[in-house]
Amino acid sequence: MRTASRYGTTVRMFTAIGVVSLVAACAGNGGTGAGGPSGGGFPDQSITIVVPFSAGGPTDTVTRMIAEPMAAKLGAKIVVQNVEGAGGTVGAGEVARAEPDGYTVLMHHIGMSTAPALYQNLGFKPLEDFQTVGLVTEVPMTVVARKDFAPATLQDLVTHVKANADKVTLANAGIGAASHLCGLLFQTAAGVKVQEVPYEGTGPALTDLVGGQVDFMCDQTTNTSGQISAGEVKAYAVTTPERVKSLPDVPTTAEAGLPKLEVSVWHGLYVPAGTPQDVVQKLSEALKVALADQKVVDQMAKLGTAPVPAGDATPQAHRTKLEEQLGVWAKVIADAGVKAS
(Lines give C-alpha, C1' and ligand atoms only; values in the text may rest on other atoms or scores of the structure.)
Protein backbone atom coordinates (compact mmCIF):
# COMPACT_ATOMS: atom_id res chain seq x y z
CA MET A 1 0.00 0.00 0.00
CA ARG A 2 1.18 3.51 -0.67
CA THR A 3 2.08 5.35 2.49
CA ALA A 4 0.54 8.48 3.93
CA SER A 5 3.89 10.24 3.83
CA ARG A 6 4.16 9.84 0.08
CA TYR A 7 0.83 11.47 -0.61
CA GLY A 8 0.48 13.68 2.42
CA THR A 9 -2.83 12.10 3.34
CA THR A 10 -4.06 9.25 5.42
CA VAL A 11 -5.19 6.17 3.58
CA ARG A 12 -8.30 4.65 5.04
CA MET A 13 -9.48 1.26 3.93
CA PHE A 14 -12.82 -0.07 4.94
CA THR A 15 -15.74 -1.98 3.63
CA ALA A 16 -18.76 0.27 3.97
CA ILE A 17 -22.19 -0.73 5.18
CA GLY A 18 -24.27 -2.44 2.54
CA VAL A 19 -21.85 -4.99 1.11
CA VAL A 20 -23.54 -6.56 -1.84
CA SER A 21 -23.87 -10.26 -1.34
CA LEU A 22 -25.70 -12.41 -3.78
CA VAL A 23 -24.70 -16.04 -3.69
CA ALA A 24 -25.94 -17.88 -6.73
CA ALA A 25 -25.06 -20.99 -8.63
CA CYS A 26 -21.66 -21.12 -10.28
CA ALA A 27 -21.76 -19.15 -13.51
CA GLY A 28 -19.66 -21.67 -15.46
CA ASN A 29 -16.78 -21.12 -17.84
CA GLY A 30 -18.41 -18.83 -20.38
CA GLY A 31 -16.48 -17.80 -23.48
CA THR A 32 -12.76 -17.74 -23.92
CA GLY A 33 -10.79 -14.96 -25.53
CA ALA A 34 -7.40 -14.32 -27.03
CA GLY A 35 -4.68 -12.21 -25.47
CA GLY A 36 -3.98 -14.10 -22.25
CA PRO A 37 -4.43 -17.38 -20.38
CA SER A 38 -7.95 -18.55 -19.77
CA GLY A 39 -9.76 -17.55 -16.60
CA GLY A 40 -11.04 -21.12 -16.26
CA GLY A 41 -14.10 -21.31 -14.04
CA PHE A 42 -14.17 -17.61 -13.20
CA PRO A 43 -15.64 -16.63 -10.87
CA ASP A 44 -15.21 -19.26 -8.18
CA GLN A 45 -14.79 -16.84 -5.27
CA SER A 46 -15.96 -13.38 -4.25
CA ILE A 47 -15.06 -10.32 -6.32
CA THR A 48 -14.02 -6.99 -4.81
CA ILE A 49 -14.88 -3.72 -6.54
CA VAL A 50 -12.62 -1.00 -5.18
CA VAL A 51 -14.05 2.50 -5.03
CA PRO A 52 -11.17 4.97 -4.57
CA PHE A 53 -13.38 7.50 -2.78
CA SER A 54 -15.39 7.71 0.42
CA ALA A 55 -18.53 5.72 1.13
CA GLY A 56 -21.71 7.59 0.32
CA GLY A 57 -20.13 9.67 -2.43
CA PRO A 58 -21.35 9.65 -6.04
CA THR A 59 -18.89 7.04 -7.34
CA ASP A 60 -19.69 4.78 -4.41
CA THR A 61 -23.41 5.24 -5.07
CA VAL A 62 -23.10 4.25 -8.74
CA THR A 63 -20.98 1.22 -7.83
CA ARG A 64 -23.52 -0.12 -5.36
CA MET A 65 -26.30 0.30 -7.91
CA ILE A 66 -24.67 -2.07 -10.38
CA ALA A 67 -23.03 -4.50 -7.94
CA GLU A 68 -26.11 -6.60 -7.17
CA PRO A 69 -27.21 -7.32 -10.76
CA MET A 70 -23.57 -7.96 -11.73
CA ALA A 71 -23.31 -10.46 -8.88
CA ALA A 72 -26.46 -12.19 -10.05
CA LYS A 73 -25.12 -12.51 -13.61
CA LEU A 74 -21.71 -13.76 -12.46
CA GLY A 75 -23.07 -16.11 -9.79
CA ALA A 76 -20.67 -14.74 -7.19
CA LYS A 77 -20.54 -12.45 -4.21
CA ILE A 78 -19.40 -8.87 -4.85
CA VAL A 79 -17.87 -6.79 -2.07
CA VAL A 80 -17.62 -3.02 -2.51
CA GLN A 81 -14.54 -1.66 -0.74
CA ASN A 82 -13.69 2.01 -0.26
CA VAL A 83 -9.98 2.88 -0.45
CA GLU A 84 -9.65 6.63 -0.07
CA GLY A 85 -6.74 8.96 -0.65
CA ALA A 86 -5.02 11.40 -3.00
CA GLY A 87 -7.90 12.09 -5.38
CA GLY A 88 -8.56 8.43 -6.06
CA THR A 89 -4.97 7.51 -6.91
CA VAL A 90 -4.38 5.38 -3.81
CA GLY A 91 -7.22 2.98 -4.54
CA ALA A 92 -6.37 2.91 -8.23
CA GLY A 93 -2.75 2.10 -7.41
CA GLU A 94 -3.85 -0.78 -5.19
CA VAL A 95 -5.82 -2.30 -8.05
CA ALA A 96 -3.01 -1.73 -10.56
CA ARG A 97 -0.76 -3.89 -8.37
CA ALA A 98 -3.37 -6.55 -7.63
CA GLU A 99 -3.29 -10.06 -9.05
CA PRO A 100 -4.62 -9.87 -12.65
CA ASP A 101 -7.26 -12.53 -12.18
CA GLY A 102 -10.51 -10.54 -12.31
CA TYR A 103 -11.21 -10.73 -8.59
CA THR A 104 -10.08 -7.16 -7.93
CA VAL A 105 -11.94 -4.57 -10.00
CA LEU A 106 -11.75 -0.78 -9.92
CA MET A 107 -14.61 1.65 -10.37
CA HIS A 108 -13.16 5.04 -11.25
CA HIS A 109 -14.46 8.23 -12.78
CA ILE A 110 -13.03 11.01 -14.93
CA GLY A 111 -10.15 11.22 -12.44
CA MET A 112 -8.43 8.31 -14.19
CA SER A 113 -7.86 10.61 -17.16
CA THR A 114 -6.64 13.58 -15.10
CA ALA A 115 -4.30 11.88 -12.64
CA PRO A 116 -1.27 11.69 -14.99
CA ALA A 117 -1.38 15.47 -15.50
CA LEU A 118 -1.89 16.21 -11.81
CA TYR A 119 0.58 13.83 -10.15
CA GLN A 120 4.27 13.83 -11.02
CA ASN A 121 4.91 10.55 -9.17
CA LEU A 122 1.69 8.76 -9.90
CA GLY A 123 2.99 5.20 -9.67
CA PHE A 124 0.79 3.79 -12.45
CA LYS A 125 -0.08 4.49 -16.08
CA PRO A 126 -3.78 4.29 -16.95
CA LEU A 127 -3.33 2.83 -20.44
CA GLU A 128 -0.51 0.44 -19.54
CA ASP A 129 -1.37 -0.81 -16.06
CA PHE A 130 -5.11 -1.34 -16.50
CA GLN A 131 -7.44 -3.20 -18.80
CA THR A 132 -10.69 -1.36 -19.46
CA VAL A 133 -13.92 -3.32 -18.89
CA GLY A 134 -16.62 -0.86 -19.92
CA LEU A 135 -18.15 2.54 -19.32
CA VAL A 136 -20.97 2.78 -16.79
CA THR A 137 -22.56 6.23 -16.83
CA GLU A 138 -21.90 9.90 -17.53
CA VAL A 139 -23.12 12.00 -14.64
CA PRO A 140 -24.01 15.69 -15.02
CA MET A 141 -22.62 18.11 -12.46
CA THR A 142 -24.38 20.93 -10.67
CA VAL A 143 -23.21 24.29 -9.38
CA VAL A 144 -24.76 24.60 -5.92
CA ALA A 145 -24.45 26.92 -2.94
CA ARG A 146 -25.56 27.15 0.67
CA LYS A 147 -29.23 28.04 0.61
CA ASP A 148 -28.76 31.49 2.16
CA PHE A 149 -25.95 32.53 -0.20
CA ALA A 150 -26.77 35.96 -1.67
CA PRO A 151 -26.35 35.39 -5.45
CA ALA A 152 -29.64 34.35 -7.02
CA THR A 153 -28.43 33.21 -10.46
CA LEU A 154 -25.23 31.84 -12.00
CA GLN A 155 -24.43 35.26 -13.47
CA ASP A 156 -25.00 36.80 -10.03
CA LEU A 157 -22.61 34.20 -8.62
CA VAL A 158 -19.90 35.14 -11.11
CA THR A 159 -20.34 38.83 -10.32
CA HIS A 160 -20.29 38.17 -6.57
CA VAL A 161 -17.22 35.95 -6.76
CA LYS A 162 -15.29 38.51 -8.78
CA ALA A 163 -16.06 41.19 -6.21
CA ASN A 164 -15.31 38.97 -3.20
CA ALA A 165 -12.72 36.49 -4.43
CA ASP A 166 -10.72 36.69 -1.20
CA LYS A 167 -13.78 35.88 0.92
CA VAL A 168 -15.80 33.36 -1.08
CA THR A 169 -15.07 29.67 -0.40
CA LEU A 170 -15.34 26.91 -3.00
CA ALA A 171 -15.53 23.39 -1.57
CA ASN A 172 -14.26 20.26 -3.29
CA ALA A 173 -13.44 16.65 -2.49
CA GLY A 174 -9.69 17.09 -2.91
CA ILE A 175 -7.25 17.57 -5.77
CA GLY A 176 -8.19 15.42 -8.74
CA ALA A 177 -11.75 14.79 -7.57
CA ALA A 178 -14.56 15.56 -10.01
CA SER A 179 -15.70 18.46 -7.85
CA HIS A 180 -12.17 19.91 -7.98
CA LEU A 181 -11.97 19.58 -11.76
CA CYS A 182 -15.37 21.21 -12.23
CA GLY A 183 -14.31 23.98 -9.84
CA LEU A 184 -11.23 24.61 -11.98
CA LEU A 185 -13.40 24.91 -15.08
CA PHE A 186 -15.74 27.31 -13.26
CA GLN A 187 -12.86 29.57 -12.28
CA THR A 188 -11.47 29.47 -15.83
CA ALA A 189 -14.85 30.19 -17.40
CA ALA A 190 -15.60 32.98 -14.92
CA GLY A 191 -12.09 34.44 -15.10
CA VAL A 192 -11.58 34.44 -11.35
CA LYS A 193 -9.58 32.68 -8.64
CA VAL A 194 -11.25 31.88 -5.33
CA GLN A 195 -10.34 30.23 -2.04
CA GLU A 196 -10.70 26.47 -2.43
CA VAL A 197 -11.52 24.30 0.58
CA PRO A 198 -10.58 20.64 0.01
CA TYR A 199 -12.29 17.80 1.88
CA GLU A 200 -11.69 14.06 2.06
CA GLY A 201 -14.71 13.22 -0.05
CA THR A 202 -17.81 14.88 -1.44
CA GLY A 203 -19.93 13.65 1.46
CA PRO A 204 -18.31 15.86 4.10
CA ALA A 205 -17.99 18.74 1.62
CA LEU A 206 -21.70 18.67 0.87
CA THR A 207 -22.50 18.32 4.57
CA ASP A 208 -20.60 21.52 5.30
CA LEU A 209 -22.27 23.26 2.37
CA VAL A 210 -25.70 22.35 3.72
CA GLY A 211 -24.54 23.51 7.14
CA GLY A 212 -23.35 26.85 5.77
CA GLN A 213 -19.65 26.40 6.56
CA VAL A 214 -18.65 26.93 2.90
CA ASP A 215 -20.25 29.02 0.15
CA PHE A 216 -20.54 26.92 -2.99
CA MET A 217 -19.27 23.88 -4.86
CA CYS A 218 -19.62 21.90 -8.05
CA ASP A 219 -20.70 18.29 -7.65
CA GLN A 220 -22.38 15.39 -9.42
CA THR A 221 -26.17 15.10 -9.58
CA THR A 222 -25.86 11.68 -7.92
CA ASN A 223 -24.72 13.55 -4.83
CA THR A 224 -26.78 16.75 -4.99
CA SER A 225 -30.21 15.90 -6.45
CA GLY A 226 -31.71 15.02 -3.08
CA GLN A 227 -30.50 18.21 -1.40
CA ILE A 228 -31.62 20.34 -4.34
CA SER A 229 -35.10 18.81 -4.35
CA ALA A 230 -35.36 19.22 -0.58
CA GLY A 231 -34.34 22.87 -0.76
CA GLU A 232 -31.27 22.29 1.40
CA VAL A 233 -28.97 23.92 -1.16
CA LYS A 234 -29.39 26.56 -3.87
CA ALA A 235 -28.89 25.24 -7.42
CA TYR A 236 -27.55 27.55 -10.12
CA ALA A 237 -27.03 25.26 -13.12
CA VAL A 238 -26.29 21.81 -14.52
CA THR A 239 -23.09 21.46 -16.54
CA THR A 240 -24.54 19.63 -19.55
CA PRO A 241 -25.96 20.80 -22.89
CA GLU A 242 -29.48 19.73 -21.91
CA ARG A 243 -31.45 20.05 -18.69
CA VAL A 244 -31.61 17.07 -16.35
CA LYS A 245 -35.04 15.41 -16.25
CA SER A 246 -34.98 14.99 -12.47
CA LEU A 247 -34.11 18.70 -12.06
CA PRO A 248 -36.27 20.37 -14.73
CA ASP A 249 -36.18 23.83 -13.14
CA VAL A 250 -32.37 24.02 -13.03
CA PRO A 251 -30.97 25.69 -16.19
CA THR A 252 -27.92 24.54 -18.08
CA THR A 253 -24.73 26.55 -17.72
CA ALA A 254 -25.21 27.75 -21.30
CA GLU A 255 -28.72 28.97 -20.51
CA ALA A 256 -27.41 30.59 -17.34
CA GLY A 257 -24.72 32.53 -19.21
CA LEU A 258 -21.58 30.44 -18.69
CA PRO A 259 -21.37 28.13 -21.74
CA LYS A 260 -17.67 27.32 -21.27
CA LEU A 261 -18.52 25.46 -18.07
CA GLU A 262 -19.62 22.15 -19.56
CA VAL A 263 -18.51 18.82 -18.12
CA SER A 264 -19.93 15.42 -17.23
CA VAL A 265 -18.30 12.80 -15.04
CA TRP A 266 -17.94 9.47 -16.78
CA HIS A 267 -17.40 6.27 -14.80
CA GLY A 268 -15.88 2.98 -15.87
CA LEU A 269 -14.69 -0.40 -14.59
CA TYR A 270 -11.05 -1.50 -14.76
CA VAL A 271 -9.01 -4.59 -13.95
CA PRO A 272 -5.20 -4.93 -13.72
CA ALA A 273 -3.35 -5.30 -17.03
CA GLY A 274 -2.78 -8.94 -17.88
CA THR A 275 -6.21 -10.12 -16.76
CA PRO A 276 -7.33 -12.98 -19.06
CA GLN A 277 -9.49 -11.73 -21.89
CA ASP A 278 -12.28 -14.23 -21.23
CA VAL A 279 -12.48 -12.91 -17.67
CA VAL A 280 -12.63 -9.31 -18.92
CA GLN A 281 -15.40 -10.32 -21.29
CA LYS A 282 -17.40 -11.98 -18.50
CA LEU A 283 -17.15 -8.84 -16.39
CA SER A 284 -18.15 -6.68 -19.36
CA GLU A 285 -21.18 -8.87 -20.10
CA ALA A 286 -22.22 -8.72 -16.43
CA LEU A 287 -21.89 -4.93 -16.58
CA LYS A 288 -24.19 -4.78 -19.62
CA VAL A 289 -26.78 -6.87 -17.79
CA ALA A 290 -26.57 -4.57 -14.77
CA LEU A 291 -26.98 -1.43 -16.87
CA ALA A 292 -30.08 -2.89 -18.53
CA ASP A 293 -31.65 -3.76 -15.17
CA GLN A 294 -34.80 -1.66 -14.71
CA LYS A 295 -34.08 -1.05 -11.04
CA VAL A 296 -30.68 0.42 -11.95
CA VAL A 297 -32.20 2.54 -14.71
CA ASP A 298 -34.82 3.89 -12.31
CA GLN A 299 -32.29 4.55 -9.53
CA MET A 300 -29.99 6.44 -11.88
CA ALA A 301 -32.88 8.48 -13.28
CA LYS A 302 -33.76 9.70 -9.80
CA LEU A 303 -30.19 10.95 -9.46
CA GLY A 304 -30.15 12.76 -12.78
CA THR A 305 -28.18 10.27 -14.84
CA ALA A 306 -28.60 7.13 -16.96
CA PRO A 307 -26.63 4.02 -17.93
CA VAL A 308 -24.48 4.31 -21.03
CA PRO A 309 -25.71 2.51 -24.17
CA ALA A 310 -24.72 -1.17 -24.34
CA GLY A 311 -22.19 -0.38 -27.06
CA ASP A 312 -20.25 1.81 -24.63
CA ALA A 313 -20.14 -0.83 -21.88
CA THR A 314 -17.30 -2.59 -23.71
CA PRO A 315 -13.53 -2.70 -23.22
CA GLN A 316 -12.77 -1.01 -26.56
CA ALA A 317 -15.31 1.83 -26.22
CA HIS A 318 -14.03 2.47 -22.71
CA ARG A 319 -10.38 2.52 -23.84
CA THR A 320 -11.20 4.93 -26.67
CA LYS A 321 -12.88 7.27 -24.18
CA LEU A 322 -9.93 7.09 -21.80
CA GLU A 323 -7.41 7.86 -24.54
CA GLU A 324 -9.42 10.87 -25.71
CA GLN A 325 -9.94 12.23 -22.21
CA LEU A 326 -6.28 11.89 -21.24
CA GLY A 327 -5.46 14.33 -24.02
CA VAL A 328 -8.26 16.75 -23.20
CA TRP A 329 -7.46 17.05 -19.49
CA ALA A 330 -3.71 17.21 -19.95
CA LYS A 331 -4.21 20.57 -21.68
CA VAL A 332 -6.84 21.87 -19.26
CA ILE A 333 -4.71 21.09 -16.22
CA ALA A 334 -1.52 22.42 -17.80
CA ASP A 335 -3.29 25.69 -18.64
CA ALA A 336 -4.60 25.94 -15.07
CA GLY A 337 -1.10 25.36 -13.68
CA VAL A 338 -2.39 22.91 -11.06
CA LYS A 339 -0.23 20.15 -9.57
CA ALA A 340 -0.90 17.75 -6.74
CA SER A 341 1.69 17.44 -3.99
Residue pair [X] / [Y]: nearest heavy atoms and the distance that separates them:
X: Thr253; Y: Ala237; value: CG2-CB, 3.8 Å
X: Gln187; Y: Lys193; value: OE1-CD, 3.2 Å
X: Met107; Y: His267; value: SD-CB, 4.0 Å
X: Gly102; Y: Leu283; value: O-CD1, 4.1 Å
X: Val192; Y: Ala165; value: CG2-CB, 4.0 Å
X: Thr59; Y: Gln220; value: OG1-NE2, 4.5 Å

Under 3.5 Å, side chain of [X] to main-chain N/O of [Y], donor-acceptor pair present?
X: Thr221; Y: Leu303; result: yes
X: Thr132; Y: Pro315; result: yes
X: Gln155; Y: Gly257; result: yes
X: His108; Y: Leu106; result: no
X: Ser225; Y: Thr222; result: no
X: Lys234; Y: Phe149; result: yes
X: Lys321; Y: Leu135; result: no
X: Ser179; Y: Ala173; result: yes
X: Arg319; Y: Val133; result: no
X: Arg243; Y: Pro248; result: yes

Using a 4.5 Å cut-off on heavy atoms from C-beta on, say whether the side chain of [Y] contacts that of [X].
X: Thr252; Y: Glu255; value: yes
X: Thr89; Y: Tyr119; value: yes
X: Trp266; Y: Val308; value: no
X: Phe216; Y: Leu170; value: yes
X: Thr275; Y: Asp101; value: no
X: Phe186; Y: Leu258; value: yes
X: Pro52; Y: Val83; value: no
X: His109; Y: Phe53; value: yes

Report yes or no: do [X] and [Y] form a side-chain donor-acceptor pair below 3.5 Å?
X: Asp215; Y: Thr169; result: yes
X: Thr142; Y: Thr224; result: yes
X: Asn172; Y: Glu196; result: yes
X: Thr320; Y: Gln316; result: yes
X: Asp44; Y: Tyr103; result: yes

Before you tell me yes or no, could you show the steps for Val62 and Met300 under side chain to side chain contact (heavy atoms under 4.5 Å, CB included), namely the whole-Å CA-CA distance, both residues' side-chain angles and the distance that decides it to 0.1 Å? CA-CA 8 Å; Val62 169; Met300 286 192 178; 4.2 Å; yes
- request: Any pair with a residue in residues 212-254 that passes disulfide (SG to SG under 2.5 Å), sequence neighbours left out, goes on the list, sorted by first then second residue, please.
  value: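 Applying disulfide (SG to SG under 2.5 Å) to every pair that reaches into residues 212-254, excluding sequence neighbours, yields Cys182-Cys218.
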With sequence neighbours left out, the residues meeting side-chain contact (heavy atoms from CB on, under 4.5 Å) with Glu242 are none
Hydrophobic clustering (ILVMFWY, side-chain heavy atoms < 4.5 Å, transitive) - are [Y] and [X] grouped together?
X: Met112; Y: Leu127; answer: yes
X: Leu209; Y: Val161; answer: no
X: Leu261; Y: Val244; answer: no
X: Val233; Y: Met141; answer: no

Salt bridge or not between [X] and [Y]? Use side-chain N to carboxylate O under 4.0 Å.
X: Arg64; Y: Asp60; result: yes
X: Glu68; Y: Lys73; result: no
X: Glu285; Y: Lys288; result: yes

* To do: Test side chain to side chain donor-acceptor pair (under 3.5 Å) on Thr305 and Thr137 and set out the steps.
  => CA-CA 7 Å; Thr305 187; Thr137 185; 2.7 Å; yes
Take Asp156 and Thr153 through the side chain to side chain donor-acceptor pair (under 3.5 Å) test and state the conclusion after the steps. CA-CA 5 Å; Asp156 291 342; Thr153 67; 3.2 Å; yes
Checklist entry - Of the options Val95, Thr104, Thr63, which is the one that meets Ile49 in a side chain to side chain contact (heavy atoms under 4.5 Å, CB included)? => result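 That would be Thr63.
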Hits for salt bridge (Lys or Arg N to Asp or Glu O under 4.0 Å) against Asp148, two or more places apart or cross-chain, chain-then-number order -> Arg146
